[in-house]
Structures are given as structure tokens and as C-alpha cells.
Number of protein chains: 2
Amino acid sequence: MRTGSHVRPTQKCDLCPIQHRSVCAAAGGRIRQELNRISFRRTFAAGETIVGEAEEAGIVGNVVRGVLRMVRTIADGRQQIVGLLFPSDLFGRVFASHSRYAIEAATDVELCCFDRVAFEALLVANPDVEHEVLLSTLDELDAAREWMVLLGCQTVLERVAAFLIIVRRRMMKTTSDEWIPGMHISVPIGRRDMATYLGTTVESISRTIRALARRGVIRIIDAQNFEVVRWDRLVALSGREELEFDGGKAGARDRRHLADTGAVARQTGTGRPVVDMEK
Amino acid sequence: MRTGSHVRPTQKCDLCPIQHRSVCAAAGGRIRQELNRISFRRTFAAGETIVGEAEEAGIVGNVVRGVLRMVRTIADGRQQIVGLLFPSDLFGRVFASHSRYAIEAATDVELCCFDRVAFEALLVANPDVEHEVLLSTLDELDAAREWMVLLGCQTVLERVAAFLIIVRRRMMKTTSDEWIPGMHISVPIGRRDMATYLGTTVESISRTIRALARRGVIRIIDAQNFEVVRWDRLVALSGREELEFDGGKAGARDRRHLADTGAVARQTGTGRPVVDMEK
DNA sequence: CGAAAGTGTTGATCGGGATCAATGAAGCCA
DNA sequence: TGGCTTCATTGATCCCGATCAACACTTTCG
């Protein structure tokens, strides 16, 4: 008994944990099969380089499992992580032959890869898919700018608090921010990467996390796992009453009146708040 | 004597100084006329707000003349400029009802505006134009990440040097970086905006610019105009031997070997270089 | 199994740049 | 013309966080 040719055989995409997210979710039927055809899985161990800095970047793709870091190294060896990529995030740079930063495995990772040129051709041939890529690029741009704010004018304490909040959101695959008692945050990367992402040092990261625990905001389970004891205080310490990091649509509050009434006026300096880490 | 209806009358786009740049350059014939139909010009004086932070953003468009700043204000009044927009840059956020930062006139500006929803419809109906928007969004993302590096791990001196280089490139409408003796840099914004963009203070900006002059790198003509005396040193001081800020495609050098051989290894801290501002 | 390397923590010290303060110059308007 | 505001600059001081150093603990590997 033969099955009709119109019955599609089970394909690797059908078993993919992220098939309902990212560009894959937007691709139906024919396009899905085309993606399936040109994709290939690769795994990398923590620390391996997927794409070297300024190297010819032949592949793009999705993170299936694990975390990637995008890292820029400047002349004298200083480094800055410009983004972490979690499952369902796109990695690589479409429509440019060279990446401007290295893409490395921050943990063991599993990737769904496409030949860059083939993927670009698919995008151009399928405006719906390209539209999804545009939407996700716009979200990444918003997130990058939020990070600029963090790096440009917030304290290390605020950066760490914001980082924990973001990690929770990304690891929990949720966009909601309600707090469940005993909520757990599992940070998938080490102090080094945290420091390189937050524009600070491992020592400052360590001290700041300890300070959060001492203040009763979190409880340290081990170096990578924390229990959130006071979610509200964690949010407050991040320096923003609303957290609009990635994906969340901003609230409607208009802050212009602050400047307009002169109640705050434009700041003279960076105006970093005084915080006492010791208590 | 009547002209044939196939002869298109002169339209405002035909007189536009940026008609050969931005999305307009990619739009030919019919699409150009459609853009022409839905666009409208508006001017704002320096300091005026085009779109308030987190406000319903009904318009997007192109900068025709002048400079816009995208500024984020956090709870206690601290601010960070997350981008400056020069002529031919797109402003506003397509495919989202709210902007995450205010868009303000940094100088007197002239804008070519579109109703956001109408522009989005045009993009969806014209994949070629949407493709151009994707390309420019990807470039903006690269630029935002370069800025993250600057804010995250570079000194104020490096930030100021990099800023001057970027301003020169954007104001001169060129992507080339060759240096002409007596080259002039005209900074269109004041110390306040420079500080808010560079994540520092007006005092530090002032001191750093003076230090550059004292070292013979630049000559100060007035507060906003400088002559570049030593372009090579300015580039060196920016902390990068190649300047890949916005639009420039990265060179092919691969720096992984540094880490791989352990010659530099991964930095422990931010490793900011020691510089003596006084000489 | 012991040496070596990597990771996280804590203490002591230092410095780049923020903050506070004061001045001069330039634009604005009644 | 003179008060008023904004802007740029310079000096004095302070402090957050980088740096340097030491140590415990874990993992790796010959």
C-alpha cells in the first residue's frame, strides 16, 4: 500500500523544538520544506568559534539549544559581548559577506544552519519570510539600543539586576513578568561572559551578586543559580519601572513632562544614583 | 497644447536633496510616485520633540536636512542618546505602534514624513522597498553594536576620537577615510548632546577635546569646528586600526589567533589602556 | 593521582572620570 | 542697555569600579 505523494514525510523540522518560533513559525508548506531542504544541524562545544571576527561568514541559522555570544575584540585585546543568542534566535549576518564580530558558543550549542547565500535567495524569493526577518531585526535593534542605555548611563548594580531579569525572560520562554514565589533564575554563562556583556569585570560581577544576596533580593543557590526573593526590588534596582528590554512593547507613559516642567530638566552629568552596596 | 498624461509632472521628490539616497533611491517609477503622494514635509526647530518617548508614533520618514537625536530617559532623569540621524537616515519605528525613545531635533531639521501605517502598507506591497529597509536596519544594528563596544569598554578619549571620525564621515557624505590636509570637521551638536551620546559628561567632553588640541591632533577653530591636523593619530586614538563604524564593511583580518595562541588570551578586566591626557 | 589551568570570591589600593563650583562669553528679550 | 539664560571651559575634590593580589575550589589531563 503506497501513500499518496501529497503526504509529506516526516522531516527534521517536525521534530525541532523551535519549529513554532522564529522564522520557521512564519514559514508554512512549501517554504517550510525548502527550509528543511537547505538546513543542516551542527553542534559546538562551549568555547568553540562558529564564525570568526571579520571572517567570511558562509552560514546563518537558528539557535536550537544552548547560548551563543557575539563578541567584538578591539586592537589591544579588550572585548565586548554585543549580544547573547538564545534558542530560536537567528545568528549570523544576512546580506553581508563578513561578520563584524565573532560568534562563539557560550555553552554547548545545537544550531540549525543554512548556507547564507541560499538563505538570502530564499528571503528574496519569499517576502513573507523576509518580512519576519525584518521584524526580528527591528526587535534586535531595539534590544541593542536598550543595552546602549545600560552601558552608557547605568551603574554596575543596575546592569546586573537588568541582566538577571532578561535572562529569566529568555530562559523561561515567556514575555510575562509576573513573579512566582520561589522563582528560579538559571544563568547559562559564567562570570567572565557576564562581565564582558555588562561592560565590567568579573570581580565587580561577583561583588554585586553577593550584594544582591546580602540585601535579600536574591538567594544564591550556586554560582549560576539564584532564587528571586524580592522580584519587585530586583526590578526597582534595575533602574526602570517598566522593563521594555526585548520584545515587550513600551507602555504609554510620557515622560516629556518631566523635562518640560523643569522638574528634572536635562541632566548635567550622568547623574548616577548613590547606592550603598554594603547594605 | 496639452502634455500627454504619460508625462509625469515635476514632483517634490524630484527636488529633494536626498532623492538618490535612502529608500527613495531604491524606489523607481510607480513606487516613487506613491511615496511622493503620501509624503509631506515638516520642519522643526532645534530642541523640538518629533515623537515623545513611549508615545503613539504615527509617523516615520527621512531626514532631509539637519540632525535628529534618539534619546532614552530613564526613571530618575538620566538620559542616553542611542543614535543620531543625519540626512537620508530613516527615523521612526515601523511595525510597532510605540517608539521606545524620544525623537528630537538636535538642530533645526527638515523631514520628509510618511504616515506610519501607510508606509508599512507600501513596504508590504513592495518587497523591493522592504528589502531596502531591511538592509538599512541591518546597518543600523551593526552601528548600534559598534556603539555598545565604545560604551562598554572604551575610554572617553577613544569615544571622542571615534565620534569625530564618524561625524566627519556622515557630514561629508562619504564612506572613504582618506585624509586631506587641512580637513575640517563640523560637529552639528553641542557638548550636552555629545556627552549624552558618548555616555559621559560635558566637562569630560570639553577636557578631552582640549587635550586632543594640546596634543596636536586637532586644531580648535571654535566650539563646533575643528581642523584635523593628524588624521592617523586621531584614528589610532579611537582604539581601532580599522574603522568599521557605520556602513563600512569589515576588513578580513582575523584576530582569533591572538586568543588561540594565548598571546593576549581573554582579558580579565576591561583592560583600559593608560593614557596621559596632559601631554 | 598529582600538576596545571580555569573559575569564583574577597581584600587592598588606585585612578579615570563624575561631581561640585566658579567664571567668561554669547544669545535673547523686555 | 541690562538682566537672564544657555553654553563652554577650568579647577578642586570625591568615589565607583578597575586593578592587583591572594586563596579556595573544581576540572582537566598527562
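A, B, ... follow the sequence lines: proteins, then strands. Residue 1 opens every chain.
Taking the side chain to side chain donor-acceptor pair (under 3.5 Å) definition, one finds that A:Tyr197 meets it with nothing, sequence neighbours left out. For B:Ala213, the side-chain contact (heavy atoms from CB on, under 4.5 Å) test picks out B:Ile218, B:Ile220, with sequence neighbours left out. The side-chain contact (heavy atoms from CB on, under 4.5 Å) test applied to A:Ala161 returns A:Leu234, A:Leu237, A:Ser238, not counting sequence neighbours. Shown here are the side-chain contact (heavy atoms from CB on, under 4.5 Å) partners of A:Asp222, two or more places apart in sequence or in another chain: A:Gln224, A:Asn225. In this structure A:Arg191 satisfies the side chain to side chain donor-acceptor pair (under 3.5 Å) test with no other residue, sequence neighbours excluded. For B:Ser88, the side-chain contact (heavy atoms from CB on, under 4.5 Å) partners at least two apart in sequence or on another chain are B:Ile18, B:Arg21, B:Ser22, B:Arg170. The salt bridge (charged side-chain N to carboxylate O under 4.0 Å, His left out) test applied to A:Arg65 returns A:Glu110, not counting sequence neighbours. Evaluation of the salt bridge (charged side-chain N to carboxylate O under 4.0 Å, His left out) rule for A:Glu227 yields A:Arg219 as partners, not counting sequence neighbours.
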Distances for protein N or O near nucleotides 22-25 of chain C N or O, under 3.5 Å:
none

Pairwise N/O distances under 3.5 Å, protein to nucleotides 9-13 of chain C:
{"residue": "C:dT9", "atom": "OP1", "partner": "A:Arg191", "partner atom": "NH2", "Å": "3.4"}
{"residue": "C:dT9", "atom": "OP1", "partner": "A:Arg210", "partner atom": "NH2", "Å": "2.7"}
{"residue": "C:dT9", "atom": "OP2", "partner": "A:Arg191", "partner atom": "NE", "Å": "2.7"}
{"residue": "C:dT9", "atom": "OP2", "partner": "A:Arg191", "partner atom": "NH2", "Å": "3.2"}
{"residue": "C:dT9", "atom": "OP2", "partner": "A:Ser206", "partner atom": "OG", "Å": "3.1"}
{"residue": "C:dT9", "atom": "O5'", "partner": "A:Ser206", "partner atom": "OG", "Å": "3.2"}
{"residue": "C:dT10", "atom": "OP2", "partner": "A:Arg210", "partner atom": "NE", "Å": "3.4"}
{"residue": "C:dG11", "atom": "N7", "partner": "A:Arg207", "partner atom": "NH1", "Å": "3.0"}
{"residue": "C:dG11", "atom": "O6", "partner": "A:Arg207", "partner atom": "NH2", "Å": "3.3"}
{"residue": "C:dA12", "atom": "N6", "partner": "A:Arg207", "partner atom": "NH2", "Å": "3.4"}

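Here B:Gln224 reaches the OP1 or OP2 of D:dA8: one of its side-chain N or O atoms lies under 4.0 Å away. Side-chain nitrogen and oxygen atoms of B:Thr201 include at least one within less than 4.0 Å of the OP1 or OP2 phosphate oxygen of C:dA18.
One atom, CZ of A:Arg78, and another, C1' of C:dG16, lie 13 Å apart when rounded to the nearest Å. As rounded to whole Å, 15 Å separates atom C1' of C:dA18 from atom CG of B:Leu198. We find that CG of B:Leu151 is positioned 16 Å from C1' of C:dA18, with the value rounded to whole Å. Distance, A:Gln154 CD to D:dG17 P: 12 Å, rounded to whole Å. For the pair B:Glu158 CD and C:dG17 P, the interatomic distance rounds to 9 Å; values are reported in whole Å. Following rounding to the nearest Å, A:Ile221 (CD1) and C:dG8 (P) show an atom-to-atom distance of 16 Å.
Rounded to 10°, the helix from C:dC1-D:dG30 to C:dA30-D:dT1 has 40° between the axis fitted to its first five pairs and the one fitted to its last five.
A cation-pi arrangement is absent between B:Arg145 and A:Trp147, since the terminal nitrogen or guanidinium carbon is not both under 6.0 Å from the aromatic centre and inside a 45° cone about the axis.
Residues B:Cys153 and A:Ile74 come closest through the heavy atom pair SG-CD1, 4.4 Å. Of all heavy-atom pairs spanning A:Arg159 and A:Leu151, the tightest one is NH2-O, 3.5 Å.
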